[in-house]
There are 2 protein chains.
Amino acid sequence: MDAQKPDDDTPPHITSATLTDVARAAGVSPITVSRALNQPQLVRPGTLARIQAAVRATGYARNAAMAGPRTAAQGATKLVALILPTVANPIFADMVQAASDKLTERGYQLLLGLAGYELWREEILVETVLSRRPDGIILTGTLHSDNTRKHLRDAHIPVVETWDMTASPIDMLVGFSHEEVGHTVAARMLEKGYRRFAILTAADPRAARRNQGLQAALARQGVSVAATDVVPVPASLRLGREGCARLLAAHPDIELIVCSSDTLAQGALTEAASRGLPVPGQLAIMGFGDLNFAAHTFPPLSSVRVDGNAIGALAAQAMLRRLLPEPGAPAARKVIDTGFELIERGST
Amino acid sequence: MDAQKPDDDTPPHITSATLTDVARAAGVSPITVSRALNQPQLVRPGTLARIQAAVRATGYARNAAMAGPRTAAQGATKLVALILPTVANPIFADMVQAASDKLTERGYQLLLGLAGYELWREEILVETVLSRRPDGIILTGTLHSDNTRKHLRDAHIPVVETWDMTASPIDMLVGFSHEEVGHTVAARMLEKGYRRFAILTAADPRAARRNQGLQAALARQGVSVAATDVVPVPASLRLGREGCARLLAAHPDIELIVCSSDTLAQGALTEAASRGLPVPGQLAIMGFGDLNFAAHTFPPLSSVRVDGNAIGALAAQAMLRRLLPEPGAPAARKVIDTGFELIERGST
DNA sequence: CTGTTAGCGCCTTCAG
DNA sequence: CTGAAGGCGCTAACAG
């Protein structure tokens with residue numbers, strides 16, 4: 001609508017230059033420019049030079065979207081989508097980092113979708129994301145709406161679910177069993193003599209499954225959880241500290257607080273330290289995640305180690321094995337149980 | 001390569017269904033399907049229903065890429081690119097989270113590029129990312145290669161640089177001055193009587209600028225930094241702890257360690273605590289970032305507070321003001337200095 | 001080596 | 001309300 005003052009060299013287009021613009025500027029046909037860009041060895045050096053000059057003069061940038069679906073192998077967009085609840089939790093941030101590194105290395109770009117912890121958000125996110133035709137998609141968890149599952153199946157692309165374990169994955173799966181985490185923690189802590197358990201947890205469905213596992217295993221030994229404090233996502237040190245304070249106020253006799261993340265546990269630890277409560281002597285605290293974190297707090301924190309980096313890397317690798325199948329290499333495994341590890345530090 | 005057992009309803013295509021496939025299935029022309037999807041009110045309910053059935057039967061999913069450049073307003077891709085060094089640093093993770101929230105809310109999707117701390121990585125990343133024709137791009141820092149700058153200008157899209165301050169931004173800018181952070185820390189710490197300074201820093205160009213600011217301001221008062229320990233990126237609690245140990249070993253008399261991130265500071269704190277060194281009595285430790293972090297460590301950590309969430313949110317808002325200009329609303333500000341705040345806790 | 005033709009999937013314009 | 005043309009930017013296929 002407004003007047004276009006023509007600059008000297010750069011065209012005043014609001015829209016950026018196209019292949020045809022470059023061709024015109026170089027005095028060749030569009031296809032020649034295309035070749036100069038993609039298969040320079042098929043173009044005479046002289047022409048090539050003129051085209052390269054024209055490219056710079058026009059400020060041309062390739063438009064990957066318009067390359068069409070039949071380009072390269074299988075019309076690849078070189079895009080991989082990664083859907084996860086949040087990136088504020090360092091365990092997920094680690095996963096993004098690892099996945100991004102592996103994928104970028106192979107020329108893929110990352111479409112990131114942060115879905116929060118609500119299913120309907122995931123649903124619309126997956127749908128919009130799929131409309132970009134990513135070559136693959138990595139999801140968090142195994143609980144998806146029916147619509148999401150249908151969209152994923154209809155997309156005919158590799159799907160990797162992560163951070164969980166199920167008997168019926170959509171396609172591939174990289175994760176571990178949260179119930180089992182609960183069982184293991186229960187068994188070990190009972191073995192060490194703890195009886196008065198408290199749970200400090202974020203409102204996260206997978207944390208809930210760990211807590212269920214914990215409570216179920218405890219119940220089998222006739223032990224019940226003395227108190228549970230639920231804090232909203234995203235977890236923070238502040239919430240951990242406050243939650244710990246609440247638990248101690250209501251139940252001064254609890255012996256062990258099982259937290260749904262290291263962030264919460266670290267906050268709880270701070271509260272204990274500020275009260276002069278010996279940890280783990282008087283009050284034991286167990287975290288979850290252990291991003292190289294618990295080993296470097298003081299006093300040391302016990303935790304369930306699960307490696308976000310590893311899950312991200314393995315998920316990306318599984319994806320890449322499908323996307324870029326190498327001749328001799330083995331096919332991608334459908335399911336990888338990354339497991340977890342109980343880390344006990346200090347004398348907890 | 002393997003045989004395709006034709007299912008009853010879903011076609012065995014490797015490629016997903018197109019508009020034309022749906023049209024065929026519904027017995028209408030492609031354009032009618034297009035309308036049914038985009039302007040349902042222009043299609044008779046009966047036809048609409050048949051088309052919707054066909055959509056589900058064929059498993060059709062919209063292909064946003066092929067919508068062409070002249071669709072919607074200005075051929076928007078509804079994609080915003082976010083380029084940053086890493087997401088392993090929680091300060092950047094916060095930024096991603098905040099930016100993603102704001103952008104998703106307005107129907108934009110996030111193309112994430114993790115460039116590390118090397119310029120050449122940023123350059124190729126920016127170029128590939130621009131080939132997706134994002135509607136806007138958010139960058140970290142103000143130091144870019146000449147090629148990157150040219151590509152950004154040629155893209156004719158809103159650009160927001162973040163996490164830094166300069167007199168000549170490419171377009172918009174949301175950040176603060178790192179030199180000034182150094183000056184402020186120096187001034188305050190001198191004022192409190194500290195003289196034997198040590199620096200524990202990651203190999204990050206912006207941290208380097210803060211350190212230069214610190215050293216310059218100290219030098220003006222005739223004070224020089226006793227020791228500097230540089231650790232590789234990404235920073236970790238472990239590196240912080242080890243760095244602190246090295247500094248103390250080489251210079252037992254240092255009074256204050258200025259760290260380039262809270263992560264390092266927290267690690268240093270752990271080392272001090274494990275040695276029984278009173279903090280800040282015997283050794284003061286200063287962090288950077290303060291993601292609601294320092295307030296909840298024990299002993300409390302002093303830090304320079306810069307809010308990743310705020311920077312992400314403001315950057316996204318600046319972007320959106322350009323992308324979705326509202327009639328009455330004021331235009332996007334070119335430069336936003338988010339500033340920083342010295343947080344002193346305990347008796348540091 | 002370079003140009004012509006044709007078509008990707010979708011949508012705009014203009015006719016029915 | 002529905003359809004037939006035409007074109008977006010790019011690239012395979014075939015000609016020269």
Side-chain angles (χ1 to χ4, degrees), chain A residues 11 13-52 54-55 58-78 130-133 154-156, chain B residues 13-51 54-55 58-78 130-133 154-156:
Chain A
H13 302 312
I14 295 274
T15 81
S16 33
T18 77
L19 235 190
T20 311
D21 294 329
V22 179
R24 217 180 345 254
V28 296
S29 82
I31 184 66
T32 305
V33 179
S34 173
R35 276 195 278 255
L37 263 29
N38 302 316
Q39 317 167 58
Q41 72 284 9
L42 297 186
V43 176
R44 191 195 310 162
T47 316
L48 196 59
R50 268 187 308 130
I51 292 178
Q52 284 165 340
V55 163
T58 54
Y60 171 79
R62 160 167 227 280
N63 184 340
M66 290 281 89
R70 71 205 169 303
T71 320
Q74 311 296 340
T77 54
K78 286 288 181 182
L130 288 180
S131 79
R132 306 267 172 211
R133 292 279 189 280
D154 289 342
H156 302 295
Chain B
H13 301 310
I14 296 271
T15 84
S16 33
T18 79
L19 237 188
T20 311
D21 295 328
V22 179
R24 220 185 337 259
V28 296
S29 82
I31 184 60
T32 305
V33 178
S34 173
R35 276 196 278 257
L37 262 30
N38 301 316
Q39 317 167 58
Q41 73 282 9
L42 296 185
V43 176
R44 191 195 310 163
T47 316
L48 196 60
R50 265 188 309 132
I51 292 179
V55 164
T58 55
Y60 172 78
R62 168 166 218 282
N63 183 342
M66 290 281 89
R70 72 209 167 300
T71 320
Q74 312 294 341
T77 54
K78 286 291 182 179
L130 287 180
S131 79
R132 305 268 172 211
R133 291 279 187 282
D154 289 342
H156 302 296

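Letters A, B, ... are given to chains in the order of the sequence lines, protein chains preceding strands, and every chain is numbered from 1.
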For C/dT2, does OP1 or OP2 lie under 4.0 Å from any side-chain N or O of A/Ser29? no
A/Ile31 side chain, from C-beta outward: closest of D/dA12, C/dC10, D/dG9: D/dA12
Please tell me if B/Thr32 has a side-chain N or O lying less than 4.0 Å from either OP1 or OP2 of D/dG3. yes
note: B/Gln39, atom CD; C/dC10, atom P; distance rounded to Å ~ 16 Å
Net bend of the helix from C/dC1-D/dG16 to C/dG16-D/dC1, end axes of five pairs each, nearest 10 degrees: 40°
From CD of A/Gln41 over to C1' of C/dC1, roughly how many Å is that when rounded to an integer? 12 Å
Measure from the side chain of B/Val43, starting at C-beta and using heavy atoms only, and say which of D/dT2, C/dG9, D/dT11 lies closest. D/dT2
Whole Å only: how far is the CZ atom of B/Arg24 from the P atom of D/dG3? 14 Å
Could you state the interatomic distance from OG1 (B/Thr58) to CD1 (B/Ile51), rounded to the nearest 0.5 Å? 11.0 Å
Counting heavy atoms from C-beta on, name the nucleotide in D/dC1, C/dC11, D/dA4 closest to the side chain of B/Asn38. C/dC11
Close N/O contacts between protein and nucleotides 14-16 of chain D (under 3.5 Å):
none

Which donor-acceptor pairs under 3.5 Å do side chains of residues 22-44 of chain A form with protein atoms, sequence neighbours excluded?
| residue | atom | partner | partner atom | Å |
| --- | --- | --- | --- | --- |
| A/Arg24 | NH2 | A/Asp21 | OD1 | 2.8 |
| A/Ser29 | OG | A/Thr32 | OG1 | 3.4 |
| A/Asn38 | ND2 | A/Ser34 | O | 3.1 |

In whole angstroms, how far is the P atom of D/dC1 from the CD1 atom of B/Ile51? 13 Å
Both A/Pro30 and A/Pro45 contact DNA chain C. Taking the nearest nucleotide for each, which residue is further toward the 5' end? A/Pro45
Nearest listed nucleotide, side chain of A/Thr47, among D/dT11, C/dT2, D/dG3: C/dT2
Value rounded to 0.5 Å, distance of CG in A/Asn63 from CZ in B/Arg133: 4.5 Å
Side chain to side chain contact (heavy atoms under 4.5 Å, CB included) filter on B/Leu130, not counting sequence neighbours, yields B/Val126, B/Pro134, B/Ile137, B/His151, B/Leu152, B/Ala155, B/Ile157
Under 4.0 Å between a side-chain N or O of A/Arg62 and OP1 or OP2 of D/dT11? yes
Rounded to whole Å, please give me the gap between CE in B/Met66 and C1' in D/dC8. 9 Å
When the distance from CG of B/Leu19 to P of C/dC10 is rounded to whole Å, what number comes out? 4 Å
Starting at atom OH of A/Tyr60, determine the distance to atom C1' of D/dT11, rounded to an integer number of angstrom. 11 Å
In terms of heavy-atom contacts, B/Lys78 and A/Arg132 come closest through O-NH2, 3.3 Å
Spacing of B/Asn63 atom CG relative to C/dC8 atom P, expressed in whole Å: 13 Å
So if I take every side-chain heavy atom of A/Arg44 and compare against D/dT11, C/dT2, D/dC1, which nucleotide ends up nearest? C/dT2
